[in-house]
Engineer: 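My structure is below; once you've seen it, I'll send some questions.
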Amino acid sequence: MLALILRRLALMIPVLLGLLVLVFVLTRIVPADPAAVLAGEQASPEQVAAIRATLGLDRPLHVQFVRYLVQVASGDFGTSLYTHRPVVQDLAERMPATIELALASMLLAILVGIPLGAVAAVRRNGWLDQIIRVFTIGGLAVASFWMAIMLQLVFSMQLDILPLRGRVDAGVPAPPFLTGLYVIDYLLAGNLALARHALWHLVLPSVTLALPATATIARFTRSSVIETLQKDFVAWERAVGYPRRVMLWKYVLRNSLSATVTQVGLLFGLFLSGSIVVEAVFGWPGLGDYLFSAITTADYQPVMATTLAIGVIYAVVNIMVDLVQARIDPRVAEQR
Amino acid sequence: MSMPAPAPAPMLSVDDLSVVIDTPEGPARVLDRASLAVGAGEIVGLVGESGCGKSTLVKAILGVLPPNARMPEGRMLFEGRDLLALDEAALAREVRGRRIGFIPQDPALALNPMFTVGTQLLEIWRWHAPENAPDRSRAAGRARLIDLFRRVQIPDPEQALARYPHQFSGGQRQRVLIAAALLCGPRLIVADEPTTALDVTTQQQILSLLAELARDFALSVLFVTHDFGVVSQLCSHVTVMYAGQTVETGTKRAVLAAPRHPYSAALVACHPDRMADLAGIPGSVPSPLAPPSGCRFHPRCPEARPGCAARPTRLVALAGDPPHALNCIMADAPGPAGALP
Amino acid sequence: MRRRDLLRYSATAGALGALAPIGMPGFAVRDAQAQGAGAAALRWGGNLSRTLDPHTVYDVPSAFTRVNLYDCLYEYAGNPPEPKPLLATETRSSADGKTHDFTIRAGVKFHDGSELTAEDVVYSFRRMLALPQGVGPAFRPFMKAEGVTATGRHSVRMELQFPYAPFFACLPMVAIMNKRLMEANTVNNDWAAAWVAGNDAGSGPYKVVPGSFRPLDSLDMEAVDGYWRGWPHSRPIRQVLCRPVRDDATRLLAVEKGDIDSTHSYIRPDQHERVRRAPGLRLVEEPQLRTYLLRVHNGRDPMNNLDFRKALSYAFPYELFIQRVLRGTAVRSPGPLPVSLWGHPRDLQGYKHDLDAARRHLDAARRAGANVTREITFTALVGFDETEQAAQLLQSELRKIGVTMRIAKAVWANAVQMTQREETSPDIWSHWGSTYYIDPDNWVGQFYSKAALGTQRGSSWYRDDETDGMLAAARATLDRAERQRLYEAASRRLVDQAVDVWIYNGMAYRAVRERVKGYRPGAVGDGLDLRELWLEG
Amino acid sequence: MAEAPVLAVRNLRKHFVQRKGFPNPVTVTVRAVDDISFAIRPGEAFGLVGESGCGKSTAARALLRLIEPDAGSVTYRGEDVLAARGGALKLLRRKLQIVFQDPYSSLNPRRTIAQTLVEPMQVHGLARGADALARARALLDEVGLPAAALDRYPHEFSGGQRQRIGIARALAVEPELIIADEPVSALDVSIQAQVLMLLKDLQARRHLAFLFVSHDLGVVRWFCQRVAVMYLGRIVEEGPVEDVLHEPLHPYARVLRDASPVPDPALRAALPRIEGEIPSAANPPAGCHFHPRCPRALPACRESFPATTEPAPGRRVACHLYPAEDRASVR
């Protein structure tokens, strides 16, 4: 198991390096001049040129890239041109928000999607399957910003049972930083009321984000359960008298999960990219908003670091998925 | 069909059972008034080529036919109970795994790869531990399983429980499955081609083991196979099926030494091992969607007569000893000398 | 508006229909405790800057924190706004306009309790001049760090390299920072830039709650007890919670619901009616000096032809744009200066939408050999729909007179990059003439001086010695009447030459909850004075 | 022995090497085929039997270079198969044809039977156009399929029919030797008998030589003239079918023979006792691979792999029970 983790971590390095090259090239291909934007409208060309030189932007691209790599290798992810803060600090504030949202969405998608898919598979072609099919197709087809606004209108404005936006209401103090996940941090701080408060804020954005993923997971689980049901061992389990309920929910489902779990790892990428829209709509102070404003002002260091961070999150989640898979399927564990 | 007076009630009897599966192309009559009997302590070989209905019959006995299957006619008695009268839940609760043990065809695929052997086998104990067992606890099940593992010659039986199916060889897996079948003290073992996927030397070992266990535990065994060689080694009785119909049944000696049904005879002659001249059967097994009328073998039968297509399928006992029954126009002639189940 | 409302009501009705039978008894999700926490505070939904450093950024949102966390030597007051002394109690200028002596108000305390002195003023000006971005670039052409000296505990002398008339209008840009605190937080000669980006070192009416600032996202401020200017209302706002909302739709929902007390000031015209009708809300109109204009590349064929440029000026449908797109929320601005500002010729007619005139000038341009058949490109800004709408209107009008125009899109950083070189600069693009300092020089001087070439301000690539001379002279003289004459003359000349297509002076609109009283828009950007506000109920 | 062999295999070897594990990979060598030698005479059916994992299929594929062997030589009528290139290789590929166990996976599902049969003729320049089609029709007739089959696709046929198509395809290029890799083991007995009879018929009519790979002693006994028995990558015994299967010399060959069920109720009453299981080819026992299961194992069996001896004319065996100098122990 440790070997597996080590190997996956080792594999991560070239992947992240590739990601860095890609993002570096992409950000520089666009003819945007961070120096001019930074200097402000009052600056003269000479002043802009001076800033450009200070930032090293007048160097050839490959020199800039090597410099950047050296900088990253020494653990320095640079400073934002605007906030003057180390990018790491910005990330430390914003990444947990995105992770909390993505995790909650993932949890939701798994907890809803898997049973939904399993039920659809067991009641294949029945009315429940049809309803679930409509839901899953709908879940994939609905644009998330539209969904977000609808949820806000209904649950926050009309029914007034869920907060409109934000991680907490204005004036509610953030919890002491432990994990960065508010719900958990409030709990660890022993404040049950605020943990609940943060949890309610999490509902609408995570539902919005989870919807398409729930649909995907449900579809995957459905086809995977249907496939598993054809297996010889299911016939055996039936023939030796396993109760149907035990067979389905314990044995068949576990086998089907193997494929679904892989999917969950891939879906996490969807959560991260989807969070850009969802964070904007729900005023969720995560990476999406940060990345967006950094891109529009050509603030390269945050762009690079954020992309890298997202890459790392994605890779780590997929390593975790592999571990879970190894837990579910002993054959996987042995292959490593 | 009446029972011959002296014969003891068989452990399992299937009479005139038909199974129809509704497919998109129409109803497929995969079993057509098939009959079978397994007496106490008998090892009955159920022989036929693929598509002859052996597996369907096994599924019908175990009550695990697919949902789109129906049984429009026939009777199935097991230990005197009418199996057709039991619903799915009752079958799962009282028959499968408890009174009837099952050994599947491919030991490589029959166990769930994600759970240890112990978990899977004790699940059977959990739901089917015999009522008369002194201790029905999980620990008792475990102890019994370890005993059984020892009995079927699985090395390190205690550790074996914690292992996953893929950590066993093919032969060992089949031994595990045999132990599973025996776990809750069944009276009948249904083995569905349990050695087809194995190498010959392994097959030989499994057959020896089965014969031994059947003797020691006084079990009845329904042994499904396509191989007359295996039948001749293991079984006491044989039932031959073709295209969903029972064509011939009797003691091994009677059927193998002097097959009366043209299909049985042809099938025996197909074995290259017989050293005799090899003779194939022209044509192939018909589709159950559009089977020939009457005796389903008649289009391929070298001795077919005009009446074969019209003749209703019916197993008729032949006179003499050992008991021998035939589903053929040739057997119809002697008249009702003694009908056999 | 129609579509949005339709969506809203139909969806709400549908969802309510679905949920009504179930009912939601006891589904009390909102936390009374949590909700109560911010009720006495002002929940400000205006945009936040990415930094609290008042020197490094100078834009609309940064004015909010600069004005309320810091004090400056001068502030804007009156209508139209004029620079008035604030920390300076007395100002003496030499006759040549190069030397200015300021007396600093005594007894002003920074938030840490220390007194504001001449040293702090000198430090602040030197810091501002040293940093390459933000406010500094506006001062550096006429001022060196050595030119700022303390002449006493409460007196400062500033020596300019040459007389610079907009100097006093620029003073409200420079926040005075607490030198001692700043130096204590300086790392690697960074002028405490990293520290002050998230903290304050000011003497203003409000101070930052430590650790509450998150760039673009949130900031908590507290009123400063015993602020030297005092508090106009008996129950001023003690606590200000800044919670900007990024998303358009959510922003309106949030202010309607009362989650925030105010939006930013860019409420779109199609949303005005909704805000006016919403209970508990009011729509505040904030007059703006900001101009909107199309920049035309005067250095490139065919725009280097005066008749072609006039054809462009006659082709733009000004009234249609203002009435239809902006729904009448702006006034036509015929020249380079805001119409309400001195220096704008009151009688200036400018251009009107007149396709016949446009055709005549196009013919003249063609006869003069201009390449009028070339497809010209309008570069619209991504994220600013208005620029695209202007482009589309111009495109369809030009098509009528036979000029083909393509619409390209660029993000702001991208467009700025393009304008730095004459070859890459767009044929036409558009931007706003924002208010940095309130002086005609901020618009006409910055946009049409030769010194602006190579920046987005000079993206007309206009090179005219006579205009340049007038603008330089207006900058150098302290005689207001003379300056006014020069700016009027320059304005007329620019209009005659149809250098750019000047369109409007805007109006900003902000949704504010009724409970917020005393609200008065700031003169520059979001620089309202929070001291004047109180909450009702 | 009078005629020169059509195919001679000498010391053929194929090892599979795998590296497994991280960060300390372990190299595992599977000796799938370990120095095997045999020869097939013209028109002869030579059987290669053994249980799964013994290397018989690998050997068949290696001598055709479907898998490149590691060492050894294969000569077809004196020509080096392993060294052949270009045109020579193409000719060899024509003369040596293979028939697979599962004809369905070796037939392209999107091509008609006519295309399947005509293409190899064209590739080898034997016939084209109407001529090729006529030959295809004749081939189908030869394997017992109607000419109407030409325009149909593989999925329209039963397993037995597909195997006939696979045989027709092999015959299309007029080979001299057919390597049949378990050609009937996927078929039902009645179909299996039909196909076996067809193969026998073809062998006689076309004077074909066969390398017949099978796990079924009954089939081999019926079809082949000579047989080699493999165990864990090595040939343990070779000789005429009747001799080897009637009176096996090698203890493993005897176990294999005894384990093969024969449908004769009178033949055997008791089931034979067999020890142990086939070990992994990745980690075979030292010495004679069979010694841990062998009822007659000698101390020497643990030490060294026995040399191949010829205890009787035409019979070769690799077993310490038959030392080279002592021929008397045979009978």
Side-chain angles (χ1 to χ4, degrees), chain A residues 30-34 36-45 47-48 50-51 54 79-80 82-86 90 93 146 148-150 152-154 156-166 168-173 193-194 196-197 200 280-283 285 289-290 293 295-298, chain C residues 8 11-12 15-16 19 24 27 29-31 33-35 37-38 41 43 50-51 53 56-58 132-134 137-138 140-141 193-194 197-198 214-218 241 243 245-247 249-250 253-254 256-257 259-260 383 411-414 416-418 420 434 436 446 451 454-457:
Chain A
V30 181
D33 185 0
V37 179
L38 180 65
E41 296 202 35
Q42 299 298 313
S44 66
Q47 290 167 349
V48 173
I51 292 180
T54 316
T79 316
S80 161
Y82 294 89
T83 66
H84 284 278
R85 310 197 315 165
D90 286 340
E93 272 177 11
W146 184 83
I149 293 172
M150 288 303 119
Q152 284 179 325
L153 283 176
V154 175
S156 183
M157 300 305 286
Q158 298 295 333
L159 301 176
D160 196 19
I161 51 173
L162 286 169
L164 182 70
R165 56 179 295 274
V168 286
D169 282 350
V172 173
L194 283 184
R196 211 169 60 126
H197 177 80
W200 292 130
V281 174
F282 287 100
D289 198 23
Y290 182 68
S293 62
I295 288 172
T296 51
T297 48
Chain C
R8 174 176 178 228
T12 308
L16 282 176
L19 287 171
M24 292 267 166
F27 207 72
V29 173
R30 301 300 301 266
D31 228 75
Q33 180 200 343
Q35 200 183 14
R43 285 178 297 227
R50 272 194 277 193
T51 175
D53 188 334
T56 52
V57 175
Y58 197 88
Q133 74 228 52
R140 277 151 75 170
R214 283 206 304 241
L216 303 167
D217 180 51
S218 68
L241 308 171
R243 297 291 184 273
V245 186
R246 303 293 283 172
D247 184 68
T250 311
L253 294 178
E256 279 173 11
K257 192 176 162 80
D259 276 7
I260 51 175
V411 298
W412 173 248
N414 193 339
V416 165
Q417 161 87 345
M418 291 166 78
Q420 288 174 40
S434 302
Y436 288 84
Q446 290 292 338
T455 72
Q456 71 264 33
R457 287 171 287 132

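Worth saying up front: this structure is predicted, and the values here are computed from it rather than measured.
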Engineer: So what's closer than 4.5 Å to chain A heavy atoms on Arg457(C): side chain, backbone, both or neither?
Structural biologist: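 For Arg457(C), the contact with chain A is made by the side chain alone.
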Engineer: What's the spacing between Ser80(A) OG and Arg50(C) CZ if we round to 0.5 Å?
Structural biologist: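 These two atoms lie 5.5 Å from each other.
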Engineer: What are the two closest non-hydrogen atoms of Ala43(A) and Pro137(C), and how far apart are they?
Structural biologist: CA-CB, 3.6 Å
Engineer: For residues Thr455(C) and Pro45(A), report the shortest heavy-atom separation together with the two atoms involved.
Structural biologist: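 In this case the closest contact between Thr455(C) and Pro45(A) is CG2-CD, 3.4 Å.
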Engineer: If we ignore hydrogens and angles and just use 3.5 Å, is the side chain of Lys257(C) paired with the main-chain N or O of Ser156(A) as donor and acceptor?
Structural biologist: yes
Engineer: What part of Leu38(A) is in contact with chain C, defined as an atom under 4.5 angstrom from a non-hydrogen atom: side chain, backbone, both or neither?
Structural biologist: both
Engineer: Can you tell me how far apart CG (Leu253(C)) and CD (Gln152(A)) are? Round to the nearest 0.5 Å.
Structural biologist: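 Interatomic distance, Leu253(C) CG to Gln152(A) CD, rounded to 0.5 Å: 5.5 Å.
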Engineer: Look at Ser218(C), Ala193(C), Ser434(C) and state which one has the largest set of heavy-atom pairs under 4.5 Å with chain A.
Structural biologist: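 Winner by heavy-atom pair count: Ala193(C).
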Engineer: So what's closer than 4.5 Å to chain A heavy atoms on Ala254(C): side chain, backbone, both or neither?
Structural biologist: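 Interface part for Ala254(C): both.
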Engineer: Which pair of heavy atoms, one from Arg243(C) and one from Gly171(A), lies closest together, and at what distance?
Structural biologist: NH2-N, 3.6 Å
Engineer: Looking at Val57(C), Val411(C), Asp53(C), Val416(C), which one has more heavy-atom pairs under 4.5 Å with chain A than the rest?
Structural biologist: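 If we count pairs closer than 4.5 Å to chain A, Val416(C) comes out on top.
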Engineer: What's the spacing between Tyr290(A) OH and Asp217(C) CG if we round to 0.5 Å?
Structural biologist: 12.5 Å
Engineer: Considering only heavy atoms, which portion of Tyr58(C) lies under 4.5 Å from any heavy atom of chain A: side chain, backbone, both, or neither?
Structural biologist: neither
Engineer: So Pro215(C) and Arg85(A), do their side chains get closer than 4.5 Å, heavy atoms only?
Structural biologist: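 Answer yes - side chains close enough.
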Engineer: If the threshold is 4.0 Å, N to carboxylate O, is there a salt bridge linking Arg214(C) and Asp90(A)?
Structural biologist: no
Engineer: Side chain, backbone, both or neither: which part of Ala36(A) has an atom under 4.5 Å from a heavy atom of chain C?
Structural biologist: both
Engineer: Would you check, one step at a time, whether the test side chain to side chain contact (heavy atoms under 4.5 Å, CB included) holds for Arg165(A) with Asp247(C)?
Structural biologist: CA-CA 10 Å; Arg165(A) 56 179 295 274; Asp247(C) 184 68; over 6 Å; no
Engineer: Of Val48(A), Ile51(A), Thr54(A), which is the lone residue that meets side chain to side chain contact (heavy atoms under 4.5 Å, CB included) with Pro132(C)?
Structural biologist: Ile51(A)
Engineer: Measuring heavy-atom distances to chain C, does Val281(A) have an atom under 4.5 Å in its side chain, in its backbone, in both, or in neither?
Structural biologist: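 Val281(A) touches chain C through backbone and side-chain heavy atoms alike.
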